[in-house]
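Lettering follows sequence order; numbering is per chain, from 1.
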Amino acid sequence: MTKMVKTRFAPSPTGMLHIGGARTALFNYLFAKANGGEYLIRIEDTDQERSTEENKEIIKQGLDWLGLGPTDGQWVLQTDSLERHKQAVEKLIQEGKAYECYTSKEELEEMREAQKAKGETIRYDGRHRNLSDAEKQAFKAEGRTAVIRLKVAEEGTTKWDDAVQGTIEVPNYTLDDFVIMRADGYPTYNFVVALDDHDMGITHVIRGDDHINNTPKQMFVYQAMGYDLPTFAHVPMIHGKNGKMSKRDGATNVLEYKEAGYLSEALNNYLMRLGWSLGDEEVIDMARAIEHFDIHNVNKSASVFDQVKLDWFNAQYIRKLSATELLPQLKPFYEKAGLTLNSTIEGYLLNGGIEAVKNKAKRLGDIVTATAFFFENAPFNFGEKETSILETEGYKNNLALFANALKDVEGPVTHDTVSDIVGKLCADTGLKFKDFGMPLRVALTGTTQAPGVGDIVEIFGKEECLKRLNSIT
RNA sequence: GUCCCCAUCGUCUAGUCGGCCUAGGACGCCACCCUUUCACGGUGGAAACAGGGGUUCGAAUCCCCUUGGGGAUGCCA
């Protein structure tokens, strides 16, 4: 009987949920789902000074948007287990595995400077490892408060088989007796993660490779507590174009991607392809990813965030959606653009308007821009280019000819109606399609960049077309 | 300084335990085609195994060194 796979994403509310964190969450989710396991969330809020309620909320919203909320629905706060953590510290002290350390920050600073000067590894030297009761009393009398440090092996090496990085081995002399409880009584990260991961039954710890250096420390905690080790998997970081992640490179709140008009499916797809691949496939939806995800296939090297490719993924997902599916997601964007929907306009959008433009959209806002003419009333405020087209010799007459022919059409006007009319007019006049199409487009939409005139006429219908044409001629 | 990790086109990557790689795909870029505008789409193209040593009949694939990135070195997570 193997244990059920359990992963967790453990964001810290000292900051936003950015691209890197989102991908770590994604990999945890995918791995758990791929193995029929559970994916949990634990908010690491043990840093009382820097954690904020606002960040917690933003992280939660971001994860929810991406569909990466916990499979058990529980948003666990690490500080909820404070008492448990403190008891564990107490237990280790009783067992002689941890001890009080009264070294002041200034003394630590001096120690580090000295070590640096000598080119040694910078580490706590264990000076208070074996303090007598009298010595402790003396320090207390000075007004010092103790932190608790864990005794760590000084010899040998610590190694583990990382699911993505392979075997990692660290000489123990580079480690030190690290602090497991601060002077303020709050246990520290490296101690608490190990306890919580054990308590929550986490089988696979998947996190950024910036945690590789923390792993040996946590392994000592597992050992001191007598717990079995989980499998560790350290996924590479995501970098910006110039090395470090910057705002431009996605170091921002993932919710900003939602506001920028990205679909969560597209962002997830792009993110999973950063470090993981499924043969030559690019467009991989969540269901397919869950079916095939394997943490052992994740690359070891860091990748660079490329918004241009994200745009391409977004375009792929936008075109997969129908107008009916798109419209609700588009509404906030129309609102932001100051465009007010009504039933007539919704009709235009649903009956061909969105369909006519969605294949060229990279972001949701592109659809809004491309369909804005449905909202506007003729006559338009034409730009220079549009005006010059309308002023072209004979074009207004062409519009009149078209309007005349359109007026006499019986029944619904369609794309074909337009082809028929223009085809006939071309034959009669010897002109080209564009001699009718171009001014028609401008007259109907106020712009030169719009869907095919056949589509536009069909969507508007005879009456609205004539209305718009009449405002010109 | 010390320790750890990484290294294929500009970018994301394929490359399953060395031969099928004169290194494949995708984004972007360039050209052409399609075309009533803008796009979409189609076809083609330029573009990489960081460098140096080994091991081997044979290395992008294994080993070592160099170089270059990144991370850690906190009473942050």
Side-chain angles (χ1 to χ4, degrees), chain A residues 10-15 44-47 49-51 78 101 103 105 108 112 115-124 145-149 162 165-166 168-171 173-176 178-190 192-193 207-216 234 236-237 239 241 243-244 270 273-283 296-297 299-306 308-313 315 319 357-362 366 370 385 389 418-419 422 432-442 445 447-454:
Chain A
S12 169
T14 52
E44 313 250 300
D45 59 346
T46 53
D47 185 340
E49 294 189 5
R50 299 192 301 148
S51 296
Q78 190 155 50
C101 167
T103 314
K105 295 199 175 180
L108 287 173
R112 286 179 190 130
Q115 288 166 339
K116 206 168 187 176
K118 278 190 273 180
E120 292 173 355
T121 301
I122 291 162
R123 58 194 288 279
Y124 173 68
T145 45
V147 298
I148 307 301
R149 288 178 184 273
D162 196 279
Q165 304 287 346
I168 297 178
E169 186 167 1
V170 187
Y173 71 81
T174 64
L175 273 20
D176 64 1
F178 62 100
V179 174
I180 59 174
M181 190 159 82
R182 305 179 178 89
D184 65 6
Y186 279 95
T188 59
Y189 168 77
N190 278 124
V192 167
V193 228
R207 69 219 321 188
D209 69 9
D210 50 334
H211 285 285
I212 287 180
N213 301 276
N214 290 144
T215 306
H234 290 93
M237 306 270 84
H239 291 147
K241 287 240 184 292
K244 272 271 197 182
Y270 176 63
R273 286 286 293 103
L274 248 34
W276 179 70
S277 60
L278 182 55
D280 281 343
E281 289 181 45
E282 292 288 342
V283 179
H296 298 282
N297 277 143
N299 268 171
K300 294 176 167 188
S301 53
S303 43
V304 175
F305 185 84
D306 180 12
V308 175
K309 188 154 187 182
L310 206 212
D311 279 345
W312 179 80
F313 273 106
R319 63 180 61 182
V357 304
K358 73 172 192 188
N359 281 3
K360 42 186 168 184
K362 285 185 163 68
D366 294 342
K385 197 173 166 193
I389 285 171
V418 178
S419 309
V422 177
K432 296 261 178 70
F433 193 110
K434 71 167 193 218
D435 292 318
F436 293 92
M438 205 58 213
L440 210 40
R441 174 176 301 105
V442 172
T445 69
T447 163
T448 57
Q449 295 177 21
V453 289

- Please check if the side chain of A/Thr14 supplies one atom and the backbone of A/Arg50 the other of a donor-acceptor pair under 3.5 Å. no

**Prompt:** Side-chain donor or acceptor of A/Asn214 under 3.5 Å from a matching atom on the base of B/A77?
**Reply:** yes

Taking a pair to mean Watson-Crick or G-U wobble geometry with both distances below 3.5 Å, B/C20 pairs with none

Ranking B/U13, B/C12, B/C75 by distance to the side chain of A/Ala183, first place goes to B/C75

**Message:** What's A/Glu120 touching, base or sugar-phosphate or nothing? Going by heavy atoms closer than 4.0 Å.
**Reply:** base

Tightest non-hydrogen contact, residues A/Tyr270 and A/Asp306, listed as OH-N, 2.7 Å

Closest non-hydrogen atoms of A/Arg441 and A/Pro451, given as atom of the first, atom of the second and distance, are NE-O, 3.5 Å

Practice item. Could you tell me whether A/Ile122 contacts a base, only the sugar-phosphate backbone, or nothing, with contacts defined as non-hydrogen atoms closer than 4.0 Å? Key: base

Check your understanding: Contact class for A/Thr445 (heavy atom, under 4.0 Å): base, sugar-phosphate, or nothing?
Key -> nothing

Closest non-hydrogen contact found for A/Thr448 with A/Ile389 is CG2-CD1, 3.5 Å

The residue, A/Glu281 or A/Gly166, whose nearest nucleotide of RNA chain B is more 5′ is A/Gly166

>> When you measure from the side-chain N and O atoms of A/Thr121 to the phosphate of B/C3, is any distance below 4.0 Å, counting only OP1 and OP2?
In response: no

Partner of B/A50 under the Watson-Crick or G-U wobble criteria, both distances under 3.5 Å, comes out as B/U66

Rounding to the closest angstrom, what is the interatomic distance between B/A72 and B/G53 at atom P?
36 Å

Rounded to whole Å, the CG-C1' distance (A/Asp280 to B/G25) equals 4 Å

Mind checking the P distance from B/G41 to B/C49? Whole angstroms is fine. 30 Å

Across all chains, not counting sequence neighbours, the side chain to side chain contact (heavy atoms under 4.5 Å, CB included) partners of A/Pro11 are A/Phe9, A/Ile41, A/Ile59

Between B/U43 and B/C5, how many Å separate the two P atoms, rounded to a whole number? 45 Å

query: Considering only the P atoms, how many Å lie between B/U61 and B/C17, rounded to the nearest integer?
result: 14 Å

**Request:** Check every strand shown and say whether A/Lys116 touches a base, only sugar-phosphate, or nothing at a heavy-atom separation below 4.0 Å.
**Result:** nothing

Protein heavy-atom contacts under 4.0 Å, written 5' to 3' over nucleotides 28-48 of chain B as B (base), S (sugar-phosphate only) or - (none), form the string S-------BBBSSS-------

Which of B/U13, B/C3, B/U11 is nearest the side chain of A/Ser303? It is B/U13

Check your understanding: Think A/Asn297 has a side-chain N or O under 4.0 angstrom from the OP1 or OP2 of B/A14?
Key -> no

Practice task
Ignoring backbone atoms, test whether A/Thr46 places a side-chain nitrogen or oxygen under 4.0 Å from the OP1 or OP2 oxygen of B/A77.
Solution key: yes

When rounded to whole Å, the CZ to P distance for the pair A/Arg123 and B/C4 reads 15 Å

Closest heavy-atom pair, A/Ser51 versus A/Glu44, reported as atoms and distance to 0.1 Å, is OG-O, 4.5 Å

Partner of B/A72 under the Watson-Crick or G-U wobble criteria, both distances under 3.5 Å, comes out as B/U2

Given the C1' atoms of B/C12 and B/G28, what is the spacing between them in whole Å? 11 Å

For a quick test of reading the model: is some side-chain N or O of A/Arg207 closer than 4.0 Å to OP1 or OP2 of B/A77?
no

field: Rounded distance in Å between the P positions of B/C40 and B/A50
entry: 34 Å

Heavy-atom closest pair (A/His234 atom, A/Asp162 atom, distance to 0.1 Å) is ND1-OD2, 2.6 Å

A/Met237 CE to B/C4 C1', in whole Å, measures 14 Å

What nucleic acid atoms does A/Val147 come within less than 4.0 Å of, heavy atoms only: base, sugar-phosphate, or nothing?
base

Please classify the nucleic acid contact of A/Arg112 as base, sugar-phosphate, or nothing, using heavy-atom distances under 4.0 Å. sugar-phosphate

By nearest-heavy-atom nucleotide on RNA chain B, the more 5' of A/Phe313 and A/Gly119 is A/Gly119

note: A/Ile212, atom CD1; B/A77, atom C1'; distance rounded to Å ~ 16 Å

- Task: For A/Thr447, report the nucleic acid contact type (base, sugar-phosphate, nothing); a contact means any heavy atom under 4.0 Å.
- Result: nothing

Regarding the side chain of A/Asn213, the nearest nucleotide among B/A77, B/C3, B/C5 is B/C3

Rounded to whole Å, the CG-C1' distance (A/Asn299 to B/U8) equals 11 Å

Scanning all shown strands, the Watson-Crick or wobble mate of B/G44 with both distances under 3.5 Å is B/C30

Per the O4'-C1'-N9-C4 / O4'-C1'-N1-C2 angle with a 90° window around 0, B/C30 comes out anti

task = Indicate, with a heavy-atom threshold strictly under 4.0 Å, whether A/Asp435 touches base, sugar-phosphate, or nothing.
result = nothing

When rounded to whole Å, the CD to C1' distance for the pair A/Glu49 and B/C75 reads 10 Å

With sugar-phosphate meaning primed atoms plus P, OP1 and OP2, does A/His211 contact a base, only sugar-phosphate, or nothing at under 4.0 Å between heavy atoms?
base

inquiry  = Say we look at B/C62 and B/C20: how far apart would their P atoms be, to the nearest angstrom?
reply    = 16 Å

| request: Could you tell me whether a side-chain N or O of A/Asp176 sits under 3.5 Å from a main-chain N or O of A/Arg123, the two making a donor and an acceptor? | output: no

Please tell me if the side chains of A/Tyr186 and A/Val192 come closer than 4.5 Å, counting only heavy atoms from C-beta onward. no

Note to self: Using the C1' atom as the point on both nucleotides, what is the distance between B/A7 and B/G52, in whole Å?
What the structure shows: 15 Å

At under 4.0 Å between heavy atoms, what does A/Gly275 touch on the DNA or RNA strands: base, sugar-phosphate, or nothing? sugar-phosphate

In whole angstroms, the gap separating C1' of B/U73 from CG of A/Asp176 amounts to 9 Å

Do A/Arg207 and A/Thr215 touch side chain to side chain, with heavy atoms closer than 4.5 Å? yes

Under 4.0 Å, heavy atoms only, any strand: does A/Gln165 hit a base, just the sugar-phosphate, or nothing? sugar-phosphate

Rounded to whole Å, the NE2-P distance (A/His234 to B/C6) equals 13 Å

Heavy-atom nearest pair, A/Leu274 first then A/Ser303, reads CG-OG, 3.5 Å

